[in-house]
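Report on the following structure.
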Protein chains: 4
Amino acid sequence: MTNNTFLNLPDEKKEKIIAVSTNEFAAKGYRGASINSIVKKLKIAKGSIFSYFGDKEGLFLHIFKFAVEKVKDYLRDVRENTKDQNIFERLKKILQAGVDFTDRHPNIYRVYIRMLLNSDIPLREDMQKSIREYAHEFLCELLYDAKEKNEIRKDLDIKIAAFTIEAVMDRFLQTRILPFLDPGADIYGADRKKCEELIDQIISILKKGI
Amino acid sequence: MTNNTFLNLPDEKKEKIIAVSTNEFAAKGYRGASINSIVKKLKIAKGSIFSYFGDKEGLFLHIFKFAVEKVKDYLRDVRENTKDQNIFERLKKILQAGVDFTDRHPNIYRVYIRMLLNSDIPLREDMQKSIREYAHEFLCELLYDAKEKNEIRKDLDIKIAAFTIEAVMDRFLQTRILPFLDPGADIYGADRKKCEELIDQIISILKKGI
Amino acid sequence: MTNNTFLNLPDEKKEKIIAVSTNEFAAKGYRGASINSIVKKLKIAKGSIFSYFGDKEGLFLHIFKFAVEKVKDYLRDVRENTKDQNIFERLKKILQAGVDFTDRHPNIYRVYIRMLLNSDIPLREDMQKSIREYAHEFLCELLYDAKEKNEIRKDLDIKIAAFTIEAVMDRFLQTRILPFLDPGADIYGADRKKCEELIDQIISILKKGI
Amino acid sequence: MTNNTFLNLPDEKKEKIIAVSTNEFAAKGYRGASINSIVKKLKIAKGSIFSYFGDKEGLFLHIFKFAVEKVKDYLRDVRENTKDQNIFERLKKILQAGVDFTDRHPNIYRVYIRMLLNSDIPLREDMQKSIREYAHEFLCELLYDAKEKNEIRKDLDIKIAAFTIEAVMDRFLQTRILPFLDPGADIYGADRKKCEELIDQIISILKKGI
DNA sequence: CATGAATGAGAGTTCATTCAT
DNA sequence: GATGAATGAACTCTCATTCAT
């Protein structure tokens with residue numbers, strides 16, 4: 001749907017458009033986001049957005065795909081960089097990378113989780129499923145490898161384990177971008193060191209149980 | 001904010017107003033929800049809603065508080081009914097009760113998770129935090145009891161364990177009302193029996209680790 | 001489609017809304033007509049028009065049906081008032097009544113003929129056909145009566161005669177509201193007397209041929 | 001208004017631009033017609049249209065003049081080719097040629113009658129009058145000749161006769177491009193033979209009266 | 001107290017027109 | 001001379017909110 005006109009824009013402009021739009025969608029959701037508000041912030045003509053993306057849905061889809069790709073990229077990176085470590089090290093690295101990512105791109109992650117929960121809108125079903133499915137399969141692969149290497153219990157149901165890990169990790173990352181989600185003030189690791197400790201403890205619980 | 005006029009309404013009418021409004025907010029989100037649409041379904045005058053709740057925000061806040069209370073009620077019930085069981089039995093019961101709850105009141109739970117993500121709108125901070133905080137403290141209490149009874153590791157960090165458990169449980173319940181969140185078709189327990197198995201396995205992972 | 005709210009309006013207001021809207025559609029056609037422009041002239045809120053008629057199409061349909069009914073009314077009147085006259089007297093009376101009508105309601109007639117030629121728009125097919133069909137059948141009845149009374153040729157094809165008469169009459173009336181349609185300056189009867197002469201001559205040609 | 005740049009274009013390109021534009025104006029009217037849509041179909045740059053014709057009005061005027069010239073051409077042809085026939089034969093030939101013309105160029109005729117009704121837009125008065133005036137004078141000449149040759153009544157008012165004939169002929173041609181204008185299904189001559197019969201009957205009524 | 005007509009700001013969207021390349 | 005990106009006014013339509021009845 002996205003127009004060549006947009007793709008041919010100077011990188012700086014493209015990035016600004018994506019950033020401002022992402023912020024708008026992240027802050028107000030699909031319906032709440034206002035093209036008026038976006039173009040005012042961007043100081044461009046309203047018509048330009050429509051020539052770039054067709055309509056509001058087109059803009060959102062672009063933003064969303066962009067966000068999804070960013071998330072996938074970071075997952076891929078971690079996998080490649082942790083190939084020779086054991087599963088618990090790898091999970092730890094994933095969480096740390098996730099923390100970095102949400103710190104660097106809080107609005108991208110906001111758009112991503114917002115849209116997972118917003119059913120009112122124009123994500124094709126497959127888009128909606130795509131990312132959690134991707135994360136799920138990603139974790140399944142990791143766990144499968146780990147089982148082969150006898151790092152985890154032979155009797156573990158991989159799918160359910162993946163589900164559990166994903167839930168915990170996702171929620172942990174959410175606490176970083178949605179402070180109010182954080183149930184205890186001291187769980188939210190403001191500083192790097194505290195944060196690493198938390199990660200260690202979470203991994204530890206996933207490893208040993210409660 | 002809610003008016004006495006509303007509170008003095010016959011129960012049946014009050015309930016209908018809450019039910020219809022909850023559905024609307026659950027289906028379309030805060031901004032997407034339309035007072036027009038609500039009053040049309042209710043066959044009452046538009047002005048009435050505004051006299052009852054002041055404005056759209058007031059209506060939403062009422063709906064949301066109501067939803068929160070319902071959730072808290074169910075948590076309280078479970079706690080009372082499982083006092084003499086061990087922690088793993090209790091967690092299992094909580095999850096089962098949660099499944100019942102989301103099956104019976106899918107829209108209440110929908111409103112609740114929808115609104116966790118909406119930052120631009122009118123949840124007072126405390127309202128926003130209230131429910132996850134409540135669940136967190138609720139689990140902390142349970143775990144504290146359990147530690148006293150030597151059901152769990154002595155060295156377990158209770159807050160982080162509570163956080164972990166809550167994350168997994170919440171995500172499990174989300175899969176029931178937002179099917180696309182479910183990463184694997186077979187994780188979603190369509191039938192009662194399958195669902196109980198899943199719960200057992202999740203609890204098992206929480207207990208023993210991976 | 002038209003709302004009760006509109007129908008319950010004071011007559012004066014209703015008439016003004018119809019008059020202003022009719023002028024707008026008559027002057028600019030369906031697409032060209034602007035709700036903005038209409039409400040500005042009426043000094044009412046934009047929303048009101050939409051609450052009365054649903055949308056632009058609803059407004060137009062109301063206007064159009066209204067115009068059609070007015071035209072039909074005038075045809076009915078003439079028929080009733082000329083029952084005992086011969087066909088040529090009757091045709092003359094019809095044309096004279098038509099002249100009166102277009103003089104009194106030029107915009108109603110304008111809307112009516114505009115819409116016959118505008119295919120881009122929301123007249124249900126039957127609406128489109130309705131009025132010319134009505135006029136055609138109306139003339140067929142008159143001619144059938146006339147044939148029975150031996151006022152016209154026995155071998156005359158009534159349908160084609162009706163078609164011919166309607167074409168001439170319609171065009172004559174058009175010249176009154178669309179001056180530029182008038183091919184010769186002196187055919188257009190500005191004054192009553194001249195106009196009657198023209199009518200006589202037209203009827204004469206229809207009667208005797210050229 | 002039309003630019004030399006346009007006139008110097010290869011014939012093929014000029015014709016394509018005129019054809020596509022005529023279709024657009026015929027289908028959607030002046031206001032409804034979209035330059036966007038035209039240039040998309042033509043696969044030329046939007047700016048070109050504006051350099052050729054100045055603005056939308058300029059394009060339309062060109063199209064309209066072109067249509068008028070085509071109509072005049074066909075009238076001239078018929079006159080030349082029927083010089084030695086009597087008036088009723090000539091009228092018949094004119095109608096037959098008109099049928100051919102509307103069958104071959106329905107959109108040209110559509111533009112022409114559409115625009116007769118559009119008062120708000122950019123036909124200079126003289127353009128608006130031009131074509132019907134031309135047709136009127138054309139018929140007057142024919143009738144004047146016929147009177148000299150004693151083919152028609154000596155007492156006939158030529159102008160009014162011309163008006164009458166033109167009205168009937170025009171309406172007949174309209175039925176071919178605007179089927180819904182046709183009052184009776186069987187008046188509309190779908191096939192050539194039926195059509196000729198209709199023409200004969202119409203001419204006969206014009207000749208002998210009703 | 002209930003009603004629902006009136007309001008007008010603001011939404012998404014289209015489009016003729018301009019102008020730098 | 002051709003191009004098409006940028007523009008912003010104008011469009012239809014929605015909606016929370018007000019207030020006279």
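Sequence lines set the chain letters: A, B, ... in the order given, protein chains first and strands last, and positions in each chain run from 1. The basis for the numbers below is simple: all heavy atoms, side chains too, and nothing from hydrogens, waters or symmetry mates. Remember, it's a predicted structure, so these values are computed and weren't measured experimentally.
Annotation: of the two residues near DNA chain F, S37(C) and Y52(A), the 5′-most nearest-nucleotide partner is Y52(A). Comparing N8(C) and K56(A) by the nucleotide of DNA chain E that holds the closest heavy atom to each, the one mapping nearer the 5' end is N8(C). When the nearest nucleotides of DNA chain F are assigned to K46(B) and A45(A) by heavy-atom distance, the more 5′-ward of the two goes with A45(A).
Residues K56(D) and I35(D) share a closest heavy-atom pair of CG-CD1, 4.0 Å. Across every non-hydrogen atom of I49(A) and I17(A), the tightest pair is CD1-CG2, 4.3 Å.
Between T5(A) and dA5(F), a side-chain N or O to OP1/OP2 separation shorter than 4.0 Å is present. Residue S48(D) places at least one side-chain N or O closer than 4.0 Å to OP1 or OP2 of dT3(F). Checking the phosphate oxygens (OP1, OP2) of dA2(E), no side-chain nitrogen or oxygen of K13(B) falls inside 4.0 Å. At dA11(E), one or more side-chain N or O atoms of N36(A) fall inside 4.0 Å of OP1 or OP2 (strictly under the cut-off). Proximity of S34(C) to the phosphate of dC11(F): a side-chain N or O atom is located under 4.0 Å from OP1 or OP2.
For Y52(C) and H62(C), the gap between ring centers reaches or exceeds 6.0 Å.
Between F64(B) and F60(B), the ring planes lie parallel to each other; the angle is under 30°, not in the 30° to 60° tilted range.
Here dA5(E) presents its C1' atom at 12 Å from CD1 of I17(C), a figure rounded to the nearest Å. If you measure from atom CD1 of I35(D) to atom C1' of dC15(E), you get 9 Å, rounded to the nearest angstrom. In this structure, I38(A) places its CD1 atom 13 Å from C1' of dA11(E), rounding to the nearest Å.
Backbone-only engagement by D55(D) is indicated by non-hydrogen atom pairs under 4.0 Å involving sugar-phosphate atoms exclusively. Here L9(C) lies in heavy-atom contact (under 4.0 Å) with sugar-phosphate atoms only.
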